Amino acid sequence: MKVLVVGSGGREHALCWTIAASPLCDALYCAPGNAGIASDAQCVPISPEDIPALVAFSKQQAIDLVVVGPEAPLAAGLVDRLGEHGIRVFGPTADASVLESSKAFTKDFCVRHRIPAAGSLTFGDLDRALAHLRRCTLPVVVKADGLAAGKGVTVATSLESAEAAVRAAMEDRVFGPAGDRVVIEEFLEGVEASFFALSDGTTTLPLAAAQDHKRAGDGDTGPNTGGMGAFSPPPAVDAVLSRQVMETIIEPAVAGMAAEGRPFRGVLFAGLMLTDEGPKLIEFNVRFGDPECQVLMARLRSDLLPALLACADGHLRHVDLRWSDDAAVCVVMASRGYPGSYRRGSPIRAIEDAESDPDVVVFHAGTAADAEGALVSSGGRVLGVTATGADVASARSRAYRAVGRINWPDGTFRTDIAAAGAAVTP
Ligand code: AMP
Ligand code: GLY
């Protein structure tokens, strides 16, 4: 089979690393990929947003399966356009991607299908939104309706900051049209977890859960980021809780989307708050998480490719996946300054020293080769140093030992990734 992975981050490197190991895969391409992905796949310089070029490449190369990493091309209809040309693809159509691209849709959808989620109201009118805020208890959560590159959510502990968030979205339009409607939502208390399941439109298959670390600084301080590290499995998500998440959130969502004429095919990522009243949905994403994908792929024992094909073809009921009992921890190394401004082009050395441990793999995100072919940084999140071990504590110490071997003076990382998970003895 010829496979094309779309995207250029750590998530896509983890997907390429996994798919390249499949005996079914004869040729693997990644658009556009990065310097690390280049050792697992042939990188092709096409942007994930350039749908006509991706379709043309897939036809020309007779690609058997396209695997879409990020959300933007999904919401823009990449899967629909590939489908029109008879190209098989793993990922939801634009109609089904609305579970991520519109929080307002998803809030109403959860009410229609009795999926437990934070209570909320959606506003398209600034004055009504501001009037509603004055009646809310604090903290309150303000969310831009549309895709805002992970920056559209404000957890406000004062009325002033809640009002500022509403005005930024609706008056100053800092998110463009994505902020024309805002969702004002009840604050949920508990432990967060990311839960992943595959769907072929009707059948669902649970994957695994992970825990992300969204803030830039140790102790969950500083600005929100794409994710500074992850571990799997989270101690809070045992078999009983997984069953509960499947029955109360994933299965009703997949059945509801099918009933509404937008069958969901792909990976459904439920961002959960584990509350005293049980797991509640914070948000759906319609793709793998980054860096959650890195720890999931490190724990996967089965061939992923047949499962992705089965989602595309509607045969998921015939698929089962095996997971390692080992834990995995991914520590993200980012450019100093991220998520604010940072410099690109600083040299990164000794990745091979980090990978001299057979239980360590370094997934690349923002890396490139300079004119001489040496590895340099080229983005905010740069490396995902991923290790496995018998438990979270041993995977964690192995991951940090590997981080210590990488020679990249311009890089920073959190020192407390998976610390909470490691403190729980299984
Ligand atoms: P998002 O950008 O949608 O992933 O949200 C960013 C973060 O905001 C989440 O990971 C949560 O920590 C927090 N958050 C979002 N919604 C809520 C909520 N209803 N209650 C508490 N925290 C929330
Ligand atoms: N790590 C969170 C996300 O991928 O959205």
Side-chain angles (χ1 to χ4, degrees), residues 7 9-12 14-15 68-72 74-75 97 99-104 106-107 110 115-122 136-157 161-162 165 169 175 178-179 182-196 209-216 220-232 234 267-277 279-297 330-332 334 339 363 365 380-381 384 414 417:
R11 164 182 53 209
E12 288 76 21
L15 289 172
V68 186
E71 62 276 17
L74 295 170
S97 303
L99 281 179
E100 176 164 359
S101 62
S102 173
K103 294 188 192 289
T106 301
K107 297 306 301 193
C110 287
I115 294 170
S120 74
L121 284 175
T122 300
C136 290
T137 45
L138 294 171
V140 67
V141 185
V142 177
K143 301 184 171 183
D145 168 48
L147 292 181
K151 298 185 177 74
V153 175
T154 303
V155 178
T157 48
S161 60
F175 308 116
V182 297
V183 171
I184 298 180
E185 182 171 287
E186 161 202 16
F187 176 78
L188 298 176
E189 240 167 309
V191 173
E192 277 184 61
S194 305
F195 190 94
F196 298 86
Q211 208 164 305
D212 187 13
H213 298 67
K214 286 216 169 82
R215 300 297 199 93
D220 294 328
T221 55
N224 252 322
T225 70
M228 293 300 290
F231 68 96
S232 175
V267 57
L268 189 57
F269 163 176
L272 303 176
M273 190 68 87
L274 310 178
T275 74
D276 292 343
E277 297 163 15
K280 291 192 182 183
L281 184 76
I282 297 178
E283 59 169 4
F284 277 129
N285 296 306
V286 299
R287 46 162 179 93
F288 282 105
D290 186 343
E292 289 96 325
C293 186
Q294 289 83 315
V295 288
L296 257 51
M297 293 306 115
C330 172
V331 178
V332 169
F363 294 120
R381 293 190 293 173
R414 275 180 64 162
I417 300 302

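Whatever order the structure lists ligands and atoms in, that order sets their numbers, starting from 1. No hydrogens, no waters, no symmetry mates; every other heavy atom, side chains included, goes into these values. Bear in mind that the values here come from a model prediction, so they are computed numbers and not experimental data.
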Considering only protein heavy atoms, which is closest to atom 4 (O) of ligand 1, and at what distance to one decimal place?
E283 OE2, 2.8 Å
Which ligand 1 atoms does M273 reach within 4.0 Å, using its non-hydrogen atoms?
21 (C), 22 (N)
Nitrogen or oxygen atoms of R287 and ligand 2 under 3.5 Å apart:
yes
Looking only at protein heavy atoms, what sits closest to atom 2 (C) of ligand 2 is D212 OD2, 3.4 Å
Side chain or backbone, does K214 bring an N or O within less than 3.5 Å of an N or O on ligand 2?
no
Counting from 1, what ligand 1 atoms have a heavy atom of K103 closer than 4.0 Å?
3 (O)
Shortest protein heavy-atom distance from atom 12 (O) of ligand 1, along with the residue and atom involved:
E192 OE2, 2.3 Å
Say whether, by atom type as modelled, one donor and one acceptor occur between the side chain of T157 and the main chain of P139 under 3.5 angstrom.
no
Min side-chain heavy-atom separation K143-V153 under 4.5 Å
yes
Side chain of R287, backbone of P70: donor and acceptor closer than 3.5 Å?
no
Does any N or O in the side chain of R381 come within less than 3.5 Å of the main-chain N or O of T225, such that one atom is a donor and the other an acceptor?
no
Let me see the working for E186 and V140 under side-chain contact (heavy atoms from CB on, under 4.5 Å), right down to the final yes or no.
CA-CA 6 Å; E186 161 202 16; V140 67; over 6 Å; no
If I compare all heavy atoms of T154 with all of A165, which pair ends up nearest, and what's the gap?
OG1-CB, 3.6 Å
Side-chain donor/acceptor of N285 to backbone N/O of F269, under 3.5 Å
no
Could you identify the single nearest non-hydrogen protein atom to atom 13 (C) of ligand 1 and state the distance to 0.1 Å?
V155 CG2, 3.9 Å
Protein heavy-atom partner closest to atom 8 (O) of ligand 1 - residue, atom, separation in Å:
V153 CG1, 3.6 Å
Sub-4.0 Å heavy-atom approach of G226 to ligand 2:
yes
Logged contact type for L188 with ligand 1, heavy-atom cut-off 4.0 Å, is both
Does any N or O of ligand 1 fall below 3.5 Å from an N or O anywhere on N224, backbone included?
no
Side chain, backbone, both or neither: which part of E189 comes within less than 4.0 Å of ligand 1 when only heavy atoms are counted?
neither
Non-hydrogen atom of K143 closer than 4.0 Å to ligand 1
yes
Working note: E100 + F284, criterion side-chain contact (heavy atoms from CB on, under 4.5 Å); need CA distance, chi angles, decisive distance, verdict.
CA-CA 6 Å; E100 176 164 359; F284 277 129; 5.8 Å; no
Quick check against the 3.5 Å criterion: does T106 have a side-chain atom that pairs as donor or acceptor with the backbone of L99?
yes
Salt-bridged, E185 to K107, with N to O below 4.0 Å?
yes
May I ask you to identify, for E100, whether its side chain, its backbone, both or neither come under 4.0 Å of ligand 1 on a heavy-atom basis?
neither
Please report which non-hydrogen protein atom sits nearest to atom 19 (N) of ligand 1, along with the residue it belongs to and the distance in Å to one decimal place.
E185 OE2, 2.7 Å
What's the shortest distance from atom 15 (C) of ligand 1 to any protein heavy atom, and which residue and atom give it?
I282 CG2, 3.4 Å
Show me which atoms of ligand 2 lie under 4.0 Å from any heavy atom of F269.
3 (C), 4 (O), 5 (O)
Minimum-distance pair of heavy atoms, taken over all atoms of D220 and R414
OD1-NH2, 3.0 Å
Within less than 4.0 angstrom of ligand 2, does G289 place any heavy atom?
yes
Can you tell which of Q294, M228, H213 makes a side-chain contact (heavy atoms from CB on, under 4.5 Å) with C330?
Q294
Counting only heavy atoms, which portion of E292 has something under 4.0 Å from ligand 2: side chain, backbone, both, or neither?
side chain
Between D145 and A104 (side chain of the first, backbone of the second, donor and acceptor by atom type, cut-off under 3.5 Å), is there such a pair?
yes
Give the numbers and elements of all ligand 1 atoms closer than 4.0 Å to a heavy atom of K214.
4 (O), 10 (O)
